[in-house]
Participant: 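Can you keep this structure in mind? I'll have questions shortly.
Only this structure's heavy atoms are used, side chains among them; waters, hydrogens and symmetry mates stay out.
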Protein chains: 2
Amino acid sequence: MRSEDIAKLAGVSRSTVSRVINNYPNVPETTKAKVLRVIEQYQYEPNSFARALAGKRTDTIGLFAISMNEKENATRIYQNSYFAPIVDLVVDTANARGFYVLIHTVYSPGDFQKIKQAFLQKRIDGGILVGTQKDIELVRELVSQDAPLVLIDYDVSEVIAERLNKNHLAIINSMDYEGTAEAIEYLISLGHQEIGILKGRMSTFSGRERYAAFESTLLNHGLTLRQDYVLEGEFLKETAYVETEKLIKRGKLPTALFCSNDDMAIAAMEAFAKHGIHIPNDISIIGFDDTQLASTISPKLTSVRLPIDDMAKSAVEKVIGLCNNEEASFSNVSFPTRLVIRDSCKLIV
Amino acid sequence: MRSEDIAKLAGVSRSTVSRVINNYPNVPETTKAKVLRVIEQYQYEPNSFARALAGKRTDTIGLFAISMNEKENATRIYQNSYFAPIVDLVVDTANARGFYVLIHTVYSPGDFQKIKQAFLQKRIDGGILVGTQKDIELVRELVSQDAPLVLIDYDVSEVIAERLNKNHLAIINSMDYEGTAEAIEYLISLGHQEIGILKGRMSTFSGRERYAAFESTLLNHGLTLRQDYVLEGEFLKETAYVETEKLIKRGKLPTALFCSNDDMAIAAMEAFAKHGIHIPNDISIIGFDDTQLASTISPKLTSVRLPIDDMAKSAVEKVIGLCNNEEASFSNVSFPTRLVIRDSCKLIV
DNA sequence: CTGAAAGCGCTTACAG
DNA sequence: CTGAAAGCGCTTACAG
């Protein structure tokens, strides 16, 4: 069933069928109704490729999940508590707006080619990039072609410094700096003076932000930052576990440990438990991300909730807006985090 | 950059460029090399829509996640421990085979239309349907058009009984019946004689299979099936929690409880914990699915592991095979589960 | 081995 | 208001 067939059945030309389908104003209600009836009856759907080829959009956006850390179990990206809700919200929001979502994972630099391809082959109108280690050169190439692009969790100053073409570009972040500061302030308000940190991967924007906020909040309060309380966790459970055990073996513990994500917080809790160190009585723990596990483990973990829902929804709105040319050509929005207080931190007297 | 441009630059015709791109045998190495060099140099990618329109495939498969249970938090489908790994494996497997994945969620019967549309608009070469309550009428419509289709977790006898056109159709299942039987046999081998069940949603294939296996394994061993030990859990945490509390209030407990999924097992554990009933000393618990949480909670949950990886990978292989017409027109494969023994079941003496 | 031409199924100025 | 025609960028018999 092609538009030609519909045209014949309705006694009009293909042009008119097309006008009806695309809701052009200059077609009288009666012809419109006539055509629509036939379309309805035969469940006609215009061929999306022919449409796109003839100049219409594809009504498809790309969602590219980048995970290039060899240490992570690379084949489990959508089970990750960070990616999963993003997929959820992006797909739902896009679907609700009548867009399809093409989803692709990037595990190696070679896979970046696939992102470019999706654009060059005109498979998508725009794309959302999420995950660690976005390749600035790829981004440069994409934006130089005016491909509508949204970056989630990206350092804006890098974009500025690199003098990227900022047309059709949007950047979505969470306010990790402020969120971390709030968490540390909370610990301080409980009376903690000796606070340690499990750092995230410093090659990521969020890893750097969380550490920077930790450092400056301590300094602002005149607290000392002991280097043996600074653990390189790299956002990974295994690394965090090992580092925590090293800390324990060194003898002296901080009274509180800020963990740059929940995975590491849980690993630390396991390490402490194994050595008979009780949470929160012996040491207070605070996580980041507020994953599902945070409220499930015992004791329940106090954590900083990431505004993933807002970020994902906003990313879709932005990319659709950019495709429609109804968005300002460059935007940069950050959503606030929220400290969720549970049972893993203790008041010091 | 169009094939025409490449042709000019390489000093050949569009036909030849096309032949090179599609790897036709009848083009000499030297012309091939000449053309490839230009393609390389300009990073040319053929327009996917023009290709598809001219008869080539789209190299895209659809993944449709169906979740129509109003009680579930419908907007969280990809965070579900069942869907998330399927998305993972489907996307990865498809990407590795050079296919893109179009992903769409179905929350209401109206959304089914979107699946049909994706096919009618020729956006995809084939599709994978996963989730509860697949609409048999939709499936009938799709298969009647010979759309390559793979159904995950679907009752084969229904397909047979409904006399569907089985061309270009494949069905992938897990061996829930055998898995459940193994779990119950295990409990019996530990000495349990009074075994209860938290049932899944009986409108789903897996819900029915798991219950049927429970029932017949008890009977096979001459054990009685007490109706007050049969709880309607509907696969939901909340329902399971309420039903477990009712069981507790009734006074007499079974010595073991088989839960048709881990979510319900965890809810039951919470209910028992609240009433001071100890696991596994007072009651043994066994779950199904072996989700991430099973190995995290305390005590660690014994559970039946679903072969989700095999299922998802196989689904992609099947759908690609069907698109290539290299698969038998109908197939039906089931993968075995595996009982993962942890700490939630006790030997009875 | 290779090019000219038709065709895939739409949209959109253009002309009326 | 509406149709004939050109064009989107490919592929593929067809002819040579």
Side-chain angles (χ1 to χ4, degrees), chain A residues 1-36 38-39 42-60 100 117-125 145 323-324, chain B residues 1-36 38-39 42-60 100 117-125 145 323-324:
Chain A
M1 189 64 50
R2 303 155 309 143
S3 72
E4 175 96 54
D5 304 319
I6 300 294
K8 280 207 186 105
L9 288 162
V12 297
S13 72
R14 266 145 77 215
S15 316
T16 300
V17 172
S18 178
R19 289 191 188 100
V20 170
I21 288 170
N22 292 295
N23 236 316
Y24 282 23
N26 55 350
V27 33
E29 282 307 323
T30 77
T31 23
K32 191 169 180 175
K34 202 167 52 181
V35 173
L36 281 178
V38 180
I39 289 181
Y42 289 87
Q43 299 215 52
Y44 164 72
E45 290 285 344
N47 181 308
S48 59
F49 294 117
R51 295 190 84 177
L53 190 55
K56 285 290 182 185
R57 297 181 326 193
T58 68
D59 290 340
T60 304
Y100 286 87
Q117 252 178 33
F119 276 106
L120 288 174
Q121 296 180 346
K122 301 265 189 296
R123 287 179 182 272
I124 52 180
D125 294 332
Q145 296 159 198
C323 295
N324 294 344
Chain B
M1 187 65 50
R2 303 155 308 142
S3 72
E4 175 97 55
D5 303 320
I6 299 294
K8 280 206 185 105
L9 288 161
V12 297
S13 73
R14 268 147 75 214
S15 315
T16 301
V17 172
S18 179
R19 290 192 188 97
V20 170
I21 287 171
N22 292 295
N23 236 314
Y24 282 24
N26 54 349
V27 34
E29 281 308 323
T30 78
T31 24
K32 192 169 179 175
K34 202 168 53 182
V35 173
L36 282 178
V38 180
I39 289 181
Y42 290 87
Q43 299 214 52
Y44 165 72
E45 291 285 344
N47 181 307
S48 60
F49 294 117
R51 294 191 85 177
L53 190 55
K56 286 290 183 187
R57 298 181 325 192
T58 67
D59 290 339
T60 305
Y100 287 87
Q117 250 176 37
F119 277 106
L120 289 174
Q121 296 179 346
K122 301 265 190 291
R123 289 179 181 271
I124 53 180
D125 294 332
Q145 295 159 198
C323 295
N324 294 343

Participant: Is there a donor-acceptor pair closer than 3.5 Å between any side-chain N or O of B:Arg123 and the backbone N or O of A:Thr58?
Facilitator: yes
Participant: Under a 3.5 Å cut-off for both contacts, is D:dA13 paired Watson-Crick or G-U wobble with anything, and if yes, with which nucleotide?
Facilitator: none
Participant: How does protein contact run along nucleotides 7-13 of chain C, one letter per nucleotide 5' to 3', with B for base contact, S for sugar-phosphate only, - for none, heavy atoms under 4.0 Å?
Facilitator: BBBBBBB
Participant: B:Lys8 and B:Asp5: salt bridge (Lys or Arg N to Asp or Glu O under 4.0 Å), yes or no, with the steps?
Facilitator: CA-CA 5 Å; B:Lys8 280 206 185 105; B:Asp5 303 320; 5.3 Å; no
Participant: Show, in sequence, the C-alpha distance, side-chain angles and deciding distance for B:Val38 and B:Met1, and conclude whether the side chain to side chain contact (heavy atoms under 4.5 Å, CB included) test is met.
Facilitator: CA-CA 11 Å; B:Val38 180; B:Met1 187 65 50; over 6 Å; no
Participant: Would you indicate whether the side-chain heavy atoms of B:Asn22 and B:Arg51 approach each other to under 4.5 Å?
Facilitator: yes
Participant: Looking for any heavy atom pair under 4.0 Å, which part of the strands does B:Ser48 touch: base, sugar-phosphate only, or nothing?
Facilitator: nothing
Participant: Could you state the atom-to-atom distance from CG of B:Asn26 to P of D:dG16 in whole Å?
Facilitator: 18 Å
Participant: If I take atom CD1 from residue B:Ile21 and atom OG1 from residue B:Thr16, how far apart are they, to the nearest 0.5 angstrom?
Facilitator: 11.0 Å
